[in-house]
**Student:** 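Below is the structure I would like to discuss, written out as structure tokens.
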Amino acid sequence: MFFKADNGSYKKVPIVQNTALPNGINGGMTVYYTQQDFNSNGKAKITSFKPGFRMVVGSATANSRQANGLKFVCLRDKGTRFPELDVFPTGPCDLGVMTVHHFPACWDGKNLDSPDHQSHMYNTVKEAFQNGGPCPSSHPVRVAQVAYETLWDTREFKSIWPKDGRNPLVLSNSDAAGYATHADYLFGWKGDSLQRAMDSSCMFNACENGRPLKSQAVAPMNACGIKKFVSESIDGWLDALPGRPVMKKN
């Protein structure tokens with residue numbers, strides 16, 4: 001996500017630690033795997049993803065509302081979760097903006113992927129973290145409800161926020177509305193660890209320390225990273241978005 005100034009320059013919006021993460025984390029996206037919702041694991045059998053499984057929610061070329069699970073939240077503080085919006089907030093928010101990506105939780109039980117990265121899944125997701133509806137016969141296997149939360153800290157831009165009500169935030173593909181928000185998922189859990197978690201009655205942090213999952217300290221979390229694949233500046237004020245994208249609508 002980038003902030004577009006009145007002079008047409010751009011600056012990357014930093015991410016900030018979610019309240020669900022331990023103190024000291026260098027920003028980071030929070031990834032949820034739920035069996036039912038935030039209040040109960042329910043009683044349904046949840047099947048783990050298989051090695052090689054992948055899926056996508058949303059579309060980078062969308063120009064209208066896509067799915068219930070794609071939302072923006074104007075953050076008063078890190079704990080704000082409502083109201084959920086289909087597009088960017090229209091005005092400055094006290095802390096920033098949260099993007100939410102809820103993936104489909106019904107799988108056809110056969111294909112690890114599909115040509116569009118979506119057809120092997122079926123979306124019964126409702127608003128927020130509500131339990132999704134029953135899976136159809138075409139996609140009968142209930143898998144973990146995966147959701148991403150990313151908190152974007154816009155406080156440094158408050159003094160230069162447009163006074164005319166114009167939204168200055170844009171996605172990295174140049175979408176200034178927010179409809180093209182999307183997310184990718186590639187399964188990478190070790191062994192049967194996710195299945196053991198889905199079979200457990202634990203919730204949230206109670207699943208750590210071997211009950212049944214291992215937990216990781218902050219220092220090794222912060223040390224984990226991926227080397228850059230493209231030699232291009234993305235920090236500081238930029239004359240154009242990285243890659244100079246041109247938004248093509250579907």
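Computed from heavy atoms alone, side chains included, the values below leave out hydrogens, waters and symmetry copies.
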**Student:** Below 4.5 Å, heavy atoms only, C-beta onward: do Phe53 and Trp107 meet side chain to side chain?
**Tutor:** yes
**Student:** Report the distance from atom CG of Asn68 to atom CD of Glu84, rounding to the nearest 0.5 Å.
**Tutor:** 9.5 Å
**Student:** Could you tell me whether the side chain of Ser9 and the main chain of Ala5 form a donor-acceptor pair under 3.5 Å?
**Tutor:**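 Not a single qualifying donor-acceptor pair exists.
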**Student:** Evaluate the criterion side-chain contact (heavy atoms from CB on, under 4.5 Å) for residue pair Phe2 and Leu171; output intermediate values, then yes/no.
**Tutor:** CA-CA 6 Å; Phe2 287 80; Leu171 298 178; over 6 Å; no
**Student:** Locate the shortest heavy-atom distance separating Ser40 from Gln36; write the atom from each residue and the value.
**Tutor:** O-CB, 3.2 Å
**Student:** Determine the minimum heavy-atom distance between His120 and His139, stating which atoms define it.
**Tutor:**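 Heavy atoms only, the tightest pair is O-CD2, 3.2 Å.
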**Student:** Side chain of Arg196, backbone of Pro212: donor and acceptor closer than 3.5 Å?
**Tutor:**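 Yes: the side chain of Arg196 pairs with the backbone of Pro212.
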**Student:** May I ask you to say whether Asp6 pairs ionically with Lys163, meaning some side-chain N is under 4.0 Å from a carboxylate O?
**Tutor:**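 A salt bridge is absent here (no side-chain N lies under 4.0 Å from a carboxylate O).
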**Student:** Would you find more than 12 non-hydrogen atoms of other residues, nucleotides or ligands less than 6.0 Å from Asp239 atom CG?
**Tutor:** no
**Student:** When you compare the side chain of Leu112 with that of Phe187, does any pair of heavy atoms fall below 4.5 Å?
**Tutor:** no
**Student:** Starting from Val100, can I reach Val146 by hopping between I/L/V/M/F/W/Y residues whose side chains sit under 4.5 Å apart?
**Tutor:**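 No; Val100 is not reachable from Val146 via cluster members.
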**Student:** Looking only at atom types and distance, does a side-chain atom of Thr181 sit under 3.5 Å from a main-chain N or O of Gly178, one as donor and one as acceptor?
**Tutor:** no
**Student:** Are Asp108 and Val141 close enough, and set up right, to give a side-chain contact (heavy atoms from CB on, under 4.5 Å), and what steps lead you there?
**Tutor:** CA-CA 6 Å; Asp108 66 11; Val141 181; over 6 Å; no
**Student:** Begin from the C-alpha positions of Gln17 and Asn23 and carry the test side-chain contact (heavy atoms from CB on, under 4.5 Å) through to its verdict.
**Tutor:** CA-CA 8 Å; Gln17 169 197 340; Asn23 291 326; 3.3 Å; yes
**Student:** How close do Tyr179 and Ser64 get, counting heavy atoms only, and between which atoms?
**Tutor:**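 Closest heavy-atom pair between Tyr179 and Ser64: CD2-C, 3.3 Å.
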**Student:** Do Phe72 and Val13 share a hydrophobic cluster, counting only Ile, Leu, Val, Met, Phe, Trp and Tyr and linking them when any side-chain heavy atoms are less than 4.5 Å apart?
**Tutor:** yes
**Student:** List the atom pairs, with distances to 0.1 Å, where a side-chain N or O of residues 86-97 and a protein N or O form a donor-acceptor pair under 3.5 Å, not counting sequence neighbours.
**Tutor:**
unit_1: Asp86; atom_1: OD1; unit_2: Arg65; atom_2: NE; d: 3.2
unit_1: Asp86; atom_1: OD1; unit_2: Lys71; atom_2: NZ; d: 2.6
unit_1: Asp86; atom_1: OD2; unit_2: Arg65; atom_2: NE; d: 3.1

**Student:** Just wondering, do Met121 and Asp113 contact through their side chains at under 4.5 Å, heavy atoms?
**Tutor:** no
**Student:** On a heavy-atom basis, which atom in Tyr33 and which in Met198 lie closest, and how many Å separate them?
**Tutor:** O-CE, 3.8 Å
**Student:** Report the distance from atom CZ of Arg54 to atom CG of Leu186, rounding to the nearest 0.5 Å.
**Tutor:**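 Going from the CZ atom of Arg54 to the CG atom of Leu186 covers 5.0 Å.
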**Student:** Quick one: does any side-chain atom of Gln145 pair with a main-chain N or O of Asp37 as donor and acceptor, under 3.5 Å?
**Tutor:**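 Flag not set: sc Gln145 to bb Asp37 has no pair under 3.5 Å.
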**Student:** Side chains of Leu70 and His101, heavy atoms from C-beta outward: is any pair under 4.5 Å?
**Tutor:**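 Yes, side chains in contact.
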**Student:** Check whether Asn222 reaches the backbone of Gly24 with its side chain - one donor and one acceptor, N or O, closer than 3.5 Å.
**Tutor:** yes
**Student:** Mind checking what makes ring-ring contact (aromatic ring centres under 6.0 Å, His included) contact with Phe3, not counting sequence neighbours?
**Tutor:**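 Phe157, Trp161.
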**Student:** Give a yes or no answer on whether the side chain of Asn18 reaches the backbone of Leu21 with a donor-acceptor pair at less than 3.5 Å.
**Tutor:** no
**Student:** Step by step, work out the side-chain contact (heavy atoms from CB on, under 4.5 Å) result for Ile25 and Val218.
**Tutor:** CA-CA 6 Å; Ile25 291 291; Val218 169; 4.3 Å; yes
**Student:** Which atom names give the shortest non-hydrogen contact between Glu232 and Pro242, and what distance separates them?
**Tutor:** OE2-CA, 3.3 Å
**Student:** Minimum heavy-atom separation for Pro162 and Pro168, please, with both atom names.
**Tutor:** CD-CG, 3.7 Å
**Student:** CG of Leu151 to OG1 of Thr99: how many Å apart, nearest 0.5 Å?
**Tutor:** 8.0 Å
**Student:** Below 4.5 Å, heavy atoms only, C-beta onward: do Met55 and Phe103 meet side chain to side chain?
**Tutor:** yes
**Student:** For Glu149 and Tyr32, does a side-chain donor sit closer than 3.5 Å to a side-chain acceptor?
**Tutor:** yes
**Student:** Return yes when atom OH of Tyr10 has more than 12 non-hydrogen atoms of other residues, nucleotides or ligands closer than 6.0 Å, and no otherwise.
**Tutor:** yes
**Student:** Determine whether Ile160 and Trp152 fall in the same hydrophobic cluster, where Ile, Leu, Val, Met, Phe, Trp and Tyr are linked whenever their side-chain heavy atoms lie under 4.5 Å apart.
**Tutor:**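 Yes, it is one cluster - the side chains of Ile160 and Trp152 are joined through contacts under 4.5 Å.
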**Student:** Once rounded to the nearest 0.5 Å, what's the spacing between atom OH of Tyr148 and atom OH of Tyr185?
**Tutor:** 7.0 Å
**Student:** Less than 4.5 Å apart, any side-chain heavy atom of Val16 and any of Lys78?
**Tutor:** yes
**Student:** Is it the case that the side chain of Gln118 and the backbone of Gly58 share a donor-acceptor pair, with hydrogens and angles ignored and the cut-off at 3.5 Å?
**Tutor:** yes
**Student:** I need the full list of disulfide (SG to SG under 2.5 Å) pairs touching residues 133-205, with sequence neighbours left out, sorted by first then second residue.
**Tutor:**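 For residues 133-205: Cys106-Cys135, Cys202-Cys207.
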**Student:** I'd like to check Ser193 versus Leu213 (side-chain heavy atoms, cut-off strictly below 4.5 Å). Are they in contact?
**Tutor:**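 Ser193 vs Leu213: side chains touch.
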**Student:** Please identify each residue that fulfils side chain to side chain donor-acceptor pair (under 3.5 Å) with Lys45, with sequence neighbours left out.
**Tutor:** Asp199
**Student:** Using side-chain heavy atoms (C-beta onward) and a distance below 4.5 Å, is Leu241 in contact with Val170?
**Tutor:** yes
**Student:** Could you see if Val57 belongs to whatever hydrophobic cluster contains Val31? Use Ile, Leu, Val, Met, Phe, Trp, Tyr and a side-chain cutoff under 4.5 Å.
**Tutor:**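 Cluster IDs for Val57 and Val31 match.
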**Student:** I'd like to know if the side chain of Asn173 and the backbone of Ala60 have a donor-acceptor N/O pair within less than 3.5 Å.
**Tutor:** yes
**Student:** Between Asp153 and Arg155, does any side-chain N to carboxylate O distance fall below 4.0 Å?
**Tutor:** yes
**Student:** Would the distance check show the side chain of Ser114 and the main-chain N or O of Ser119 forming a donor-acceptor pair, the cut-off being under 3.5 Å?
**Tutor:** yes
**Student:** Excluding sequence neighbours, so at least two apart, what forms salt bridge (Lys or Arg N to Asp or Glu O under 4.0 Å) with Asp116?
**Tutor:** none
**Student:** Nearest 0.5 angstrom please: Met203 CE to Asn41 CG, how far?
**Tutor:** 4.5 Å
**Student:** So how far is it from Lys4 NZ to Leu238 CG, rounded to the nearest 0.5 Å?
**Tutor:**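 Interatomic distance, Lys4 NZ to Leu238 CG, rounded to 0.5 Å: 13.0 Å.
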**Student:** I'd like to check the ring-ring contact (aromatic ring centres under 6.0 Å, His included) partners of Phe204; sequence neighbours left out, ordered by chain and number.
**Tutor:**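 With sequence neighbours excluded, Phe204 shows a ring-ring contact (aromatic ring centres under 6.0 Å, His included) to Phe38, given in chain and number order.
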**Student:** State whether Asp235 and Lys12 are salt-bridged, where the test is any N-O pair (Lys NZ or Arg NE/NH1/NH2 against Asp/Glu carboxylate O) under 4.0 Å.
**Tutor:** yes
